[in-house]
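Take a look at the structure set out below.
The sequence lines fix the lettering, A, B, ..., with proteins before strands; numbering per chain opens at 1. For the numbers below, each heavy atom of this structure counts, side chains included, while hydrogens, waters and symmetry mates do not.
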There are 8 protein chains.
Amino acid sequence: MEQDIKLKDVLYRYQNKEICTEDVISFLEEEVERSEIVFDRDRPSRCGFPEFIYGASKTASQIESAVRKIKQSGQQVLVTRLNKKKYNKLKKTFPEAVYDSSAEALILKNNKAAEPKGKIVIVTAGTSDIPVAMEAKYTAELCSCNVKTYFDIGVAGIHRLFSSIEKIRKADAVICIAGMEGALPSVLAGLVSCPVIAVPTSVGYGTSLQGFTPLFAMLTSCASGVTVVNINNGFGAACAAIRIINTRAI
Amino acid sequence: MEQDIKLKDVLYRYQNKEICTEDVISFLEEEVERSEIVFDRDRPSRCGFPEFIYGASKTASQIESAVRKIKQSGQQVLVTRLNKKKYNKLKKTFPEAVYDSSAEALILKNNKAAEPKGKIVIVTAGTSDIPVAMEAKYTAELCSCNVKTYFDIGVAGIHRLFSSIEKIRKADAVICIAGMEGALPSVLAGLVSCPVIAVPTSVGYGTSLQGFTPLFAMLTSCASGVTVVNINNGFGAACAAIRIINTRAI
Amino acid sequence: MEQDIKLKDVLYRYQNKEICTEDVISFLEEEVERSEIVFDRDRPSRCGFPEFIYGASKTASQIESAVRKIKQSGQQVLVTRLNKKKYNKLKKTFPEAVYDSSAEALILKNNKAAEPKGKIVIVTAGTSDIPVAMEAKYTAELCSCNVKTYFDIGVAGIHRLFSSIEKIRKADAVICIAGMEGALPSVLAGLVSCPVIAVPTSVGYGTSLQGFTPLFAMLTSCASGVTVVNINNGFGAACAAIRIINTRAI
Amino acid sequence: MEQDIKLKDVLYRYQNKEICTEDVISFLEEEVERSEIVFDRDRPSRCGFPEFIYGASKTASQIESAVRKIKQSGQQVLVTRLNKKKYNKLKKTFPEAVYDSSAEALILKNNKAAEPKGKIVIVTAGTSDIPVAMEAKYTAELCSCNVKTYFDIGVAGIHRLFSSIEKIRKADAVICIAGMEGALPSVLAGLVSCPVIAVPTSVGYGTSLQGFTPLFAMLTSCASGVTVVNINNGFGAACAAIRIINTRAI
Amino acid sequence: MEQDIKLKDVLYRYQNKEICTEDVISFLEEEVERSEIVFDRDRPSRCGFPEFIYGASKTASQIESAVRKIKQSGQQVLVTRLNKKKYNKLKKTFPEAVYDSSAEALILKNNKAAEPKGKIVIVTAGTSDIPVAMEAKYTAELCSCNVKTYFDIGVAGIHRLFSSIEKIRKADAVICIAGMEGALPSVLAGLVSCPVIAVPTSVGYGTSLQGFTPLFAMLTSCASGVTVVNINNGFGAACAAIRIINTRAI
Amino acid sequence: MEQDIKLKDVLYRYQNKEICTEDVISFLEEEVERSEIVFDRDRPSRCGFPEFIYGASKTASQIESAVRKIKQSGQQVLVTRLNKKKYNKLKKTFPEAVYDSSAEALILKNNKAAEPKGKIVIVTAGTSDIPVAMEAKYTAELCSCNVKTYFDIGVAGIHRLFSSIEKIRKADAVICIAGMEGALPSVLAGLVSCPVIAVPTSVGYGTSLQGFTPLFAMLTSCASGVTVVNINNGFGAACAAIRIINTRAI
Amino acid sequence: MEQDIKLKDVLYRYQNKEICTEDVISFLEEEVERSEIVFDRDRPSRCGFPEFIYGASKTASQIESAVRKIKQSGQQVLVTRLNKKKYNKLKKTFPEAVYDSSAEALILKNNKAAEPKGKIVIVTAGTSDIPVAMEAKYTAELCSCNVKTYFDIGVAGIHRLFSSIEKIRKADAVICIAGMEGALPSVLAGLVSCPVIAVPTSVGYGTSLQGFTPLFAMLTSCASGVTVVNINNGFGAACAAIRIINTRAI
Amino acid sequence: MEQDIKLKDVLYRYQNKEICTEDVISFLEEEVERSEIVFDRDRPSRCGFPEFIYGASKTASQIESAVRKIKQSGQQVLVTRLNKKKYNKLKKTFPEAVYDSSAEALILKNNKAAEPKGKIVIVTAGTSDIPVAMEAKYTAELCSCNVKTYFDIGVAGIHRLFSSIEKIRKADAVICIAGMEGALPSVLAGLVSCPVIAVPTSVGYGTSLQGFTPLFAMLTSCASGVTVVNINNGFGAACAAIRIINTRAI
């Protein structure tokens, strides 16, 4: 709409000979570039996702330069999969950063307080799933979501789930994290009506297949409407929850 | 709440000796049974899911009896994975049923018109993905959702996606269906901010691995926040979208 | 022991020259053969297993001759994995046989009533798992075990399990049958202290991997002490339960 | 039963106005919590399993706090998959603990001598399978079971098995541990009538597939009634044996 | 050597101008072709292998023409993997051919009686492995080998193997065929010193993985010096045995 | 041709008795050896491939001796998969060598300037794919190809690809490198008509399967005529491009 | 360029008031649509690929309507993966079409004779690979390429390859088709310098893994610069060769 | 035979009352034990295999004690898969031992010179396969076999194989070692008539699948009669060759 107005204006000024043919062509060429940028307007940074950096396949110095760039733009920063060794190189440059060594996540908040929105509940089957849960939590909180967590409520002691189920039911989106046989999302999705995003983890050994068994189990869940993200992908699950909450907010 | 009131009432009447001890115990025992039913209150039929029957592993006569039961309760019916041969046995009993032989779905509507709610967009990469899309469409429509479809807009001719992108953007949830390399959800999720539920299909041969290649590709998508359901699971994707819409509606 | 007596007897008669050296050698050679048979004394037919025939890789005429042989010895017969086509060839010869076409099992009882022993409980997650359950049931009953069944009590509607749990608890062995994500044994084994034998089934599609996903899930169960048999192997699960009961009975 | 009595008592006192309505409701609410705890009464610690901690995915300090808690409750402790490095951090705090570095197991006994019960036989195919056998042994012994072991009696030298077979036959449960081609349980189960729990190990290279080849071989054993646990899962096999013995004991 | 003589002769005649330069070049070019044929001199038909045709991926008419060609050259014919349907088309043209429908093999002998050579023993674990054994037998016998067979002597009843072991020991090569867990070659190779060629079969279901489990088990056998061929490849095993016997015969 | 002339000459001199029969035979024997060498004339070093050494499975001293040999022959050297540790041992001996530690490649140029030929474009989906791209670039440049690179233009931000597409179109061959879901070659090959060689990388985790997911995705691409090389095989992709350019140049 | 001229013209006429503002906006909007079509200009039909239809996942009537559409546009038609049954439905409508039942390909030529261009050589390892070769041949010939074929020259009789190698060397691109162990491309690429496109086939059984073994073997070939397409994808290999030849032709 | 004599003797003395009944029973019991030992007479140490120790899953001190025991019995020793670290602990105790660090093999010869027997040829495709070849060589030489080696004659430079083929042909058994695509055994077995034992190696990356691709390729070889051992199993291949040679020698 705004674009059309600008275009009409240009054409009008051109017709009035205020600007020459070259100016119009130049304007249109810029328009093309802008239209490319248009494709970008839904990219993470614009739809409420935090500026994040996947640290696993980058060197410490590559990460440092990326963090500096985002920070200078006044935005918050989340680095995922940042191992201790790389963090040790970064911590002098960014002493204000918070680092969670089990989740391998580094967070750099800014001072702008955003209005909290949406209720995300994160549950884990075991204590070993907590690092993945924390990655999801950091991601969601940087996007100003309210996050509640219920850890270690797996199916081998089913009563642990029941004592929290009423509170879980009230979420806009539930992130359900489990390794080994990955049964928790099936039980949980049978008890709540809100969206359930399942995250398989690589906890276990042998037939847990580094997380492929819970992944496959969650995808073939007997409970309807469970969706799944990659193994250990707490970040991705949080982004999916944010997509849900942002759409609600429209 | 209502429960509490009943309980107080029972206790009050007990205290007033209107009812005896056995009556209270009997009430409480029923309560336990009711509390079990409570666990069921979020099950599909109650949260807006259609009454559906997974036809693949049931005989024609088992399906017939299930359909009759649901129909008698006044609800709509969806039978998924119902092959032609089984349908031929059912069609005499349910001549009013609509059957889509490519999607292998049978639908039995009732006359109760529900208020339409939510906007679901279903896109497919190729024409071979359409049966899965139709399964999703039937499921969503039985739940009174508005559904728009865009078929055959895969990435090998990327302009086909662009011409529809503005309309896709306005959805409450996008269901994105693709086989072979399964690239469409990655491109699409980079262009929209709403929830994207990806459905891999078993279209292709050789390294498409009966749908495991697009499944894995979608799970490891470079676009953030894509969630995934089982191969060819149009029904499950629709249920996930319904969970999102139902939560919005609260 | 009995052997020793015979041997002493032979040696005694030899010493008394009632029999010659060749007789003793001949006796000892027979002994060797007998000792080989000794290795057989724990084979199925002797430890309470029914005489069974795995029908999948045998022709109808091979099966017929095997059934006749067992029947003539006065024993009961169980043929597993016997498809309809083969059964149709057999039913004229054995009109008294009972055939379950969904379980693909044929049973030929004899009239000897054995003292019932042991309590086996068989539970299934879904209705599609019932054929596997029936194979287990037929096997156990031919071995004179008491069998109770609880079908369709899977985890997506967890209350169904709870209403039967007290009765399940009293079993000598529980056979727990589930396809898809195979979560039921994990939940169940957290609620009972008796042996739990899990049977994965090939129910489902896509990531259920023809039963490998529930197989792997059951093996990596978060509940301790669950043991597992091959996919769809109801017969094997029953044999394992019989081993447990027979050992109890000693 | 006991519950019912309490309930009647409460109701009686309520009817007698000794307690008010709120008291009854409060009692019932507690009851609900108790009924949840009921689900827990079969959990490991109550059915004779030792209090154990899976050490692989926990930090040394997490393990330390867990051990301290269990120890203070007067129970015995078993930590499995505890590597040397973590043990070195723990040994100062628990100098009385016994540590087996090859089995990666730490045991903390108490002084309460329990009545020994049940006969478990543990056999291994090779010497490399011994650490898994020891994990099973420690688990079973903490539960007061009698354990006998026969190591290195694999099928390539079949006479080694035969010389011990008579003693193996007398077990309540046999745990049979093998890597590589995993053939031992098949041969063994053909020679004994008691329950055989097979444990595949990751011994070998190439086509042994880190234990998946013996796992699959054991599951598809030509001997009937063999059950299987996860790769290297000595602990799980012992728990399964304990379930068998505990049920016997009823 | 013979070649050299011919060459010298040609050169001599050339020097004597009996033949021209073109004749020499032409001779040399033929020589090149001959030298290529040299590479062929060890091909099956020359090293004692029968002329065989792999029938699975050929049409009936392609097979017919191939059989006719070999037959006309006076050689014997073996067609492997020839299904019933194709055989029915061939049997009119070759009424003298012998067809084994379970082994899916067609044999056309000639009247030339060859001196029998070598002793091949073929053993199978079960009756379902017999078709593969027969394919091996037909192949070996067409190459004039002595073949002895011992069927159904698998490890679940280990005494069956022992009663034949002395006779098996005398073979020049043992072909050992087994499906399911594929344990027989391990036990057998521990008892004999001659070459053991193991053939996995696709007998079984679930974790037998269409023969990959016995294949992997045989390759990771704890008995030294077992070699393996492809699943169900009786023909290949026989060819390997023939290579051994032919080399002995030099 | 040249060979024929020599042969005729030898025969002519032989006919003139300038040389004896043995000389001709000797010449022909040498010819045989030469004809073997003929098979080599298309090997890498002759068809414009650089002399390269695959460093992963060689020791530092083996590599050193190979480099020295090639260098002495006056040719350029490329060592691929040379880790830092091995490089540190080599750098003293070859101080003039250039080493790229992320691509793990060592290059030793000579001073002979070759005429540049062909246009190769190398594109990557992400920054983590750059090391593989650099291996391809070094390989192609040592063969005197013109190389242009476009990094980090993956499909999640599709506009990045479009801004470079006109320049990419003009290549003789495009090498397209991507990890994770590997979607870039599908989109790219739909937009250009020149050969597209796809290289999957092991970037990602979980379902990226160490590069097998992008490998399979690229092989089942919905865009026609994409060819693929091994995971991370930048060298191989460059060699394929060189084959195309060298054939053009004929 | 042409676009720019049109744009300038439009703007000029606008400035001269020959056309109104709405006309310019309308022109620009059309331009946007045209620019989308631009993305299509390299699509198969324009870069010399035949108009082809993948018949496997389409119904006979869908194919019929697609063929009719292409035919009416005056172009040639190739339908791949068209089984006999579907062909029988089509042959009445298109009696002039040529159908190859083993390659499952239908070809509809037009009368326009194109200038032949490029030399493609297609080689197969065995006779069972010929159907895949024919699919490639039909594809390439519809694009006016010269095609030569050399069938059944696999590595087990290596001399067969050598007798044709000189003629193979002269190709612009070699398509090398092999199943089972897929060794031919490795040997061939060591003998020629032109591009080698390898096509694995699903010929074989057991460890040939429906073509995955030759696929993986070709990708890890010890000969440099071999590229690979999907299993049985003769069409894709031909398209890749056409890309090479079309680029040469520029 | 000898046994029979002893038995008759015992019986004779018993009949003569030189010995009592208990003596005979005792003798027979010993006989049983002896007959068990009989099964062992073909075990490695007796059929010419060296006394070997698989070092990978044993500690240095376990290996040390095993070596000492074998050495004291006057036999030769081979330790396979002995890493450098463990060797360093052993070398002080056995300074006379020879250690090959690339093959990870330790050899301890004795002074008894055995008559050399049999001709084993070992060929490798590449230089990276040499360690596996050396393991085979050490094994065969300790068994007094003549061993010839031809290294680095893989199929990408096929002339290298041809220059050695005549010498390879004369072997009693050929061990053919290759990684990556594993094509060498197919080419080689097409050129020789003696037994070919193929050994896949884990050389390569990506689709070489740690040796599973050459393993599968060798098993599905188009050349008949190739047999295969486990990945990198040079020891096993040598044992198979020794079985062949020992049988020849009878």
Any sub-3.5 Å donor-acceptor pair from H:Asn232's side-chain atoms to D:Gly206's backbone N or O? no
Quick one: what part of D:Leu161 sits under 4.5 Å from any heavy atom of chain H, side chain, backbone, both or neither? neither
So with a 6.0 Å cut-off around CD of D:Glu64, is the heavy-atom count from everything else above 12? yes
Inter-residue atom distance H:Gln62.CD - D:Ser102.OG, 0.5 Å rounding: 8.0 Å
Looking only at heavy atoms, what is the nearest atom pair of H:Ile231 and D:Tyr205, with distance? O-CE1, 3.1 Å
Taking atom CG of H:Asn230 and atom CD of D:Glu181, what is their separation to the nearest 0.5 Å? 11.0 Å
How long is the gap from OH on H:Tyr54 to OG1 on D:Thr127, to the nearest 0.5 Å? 11.0 Å
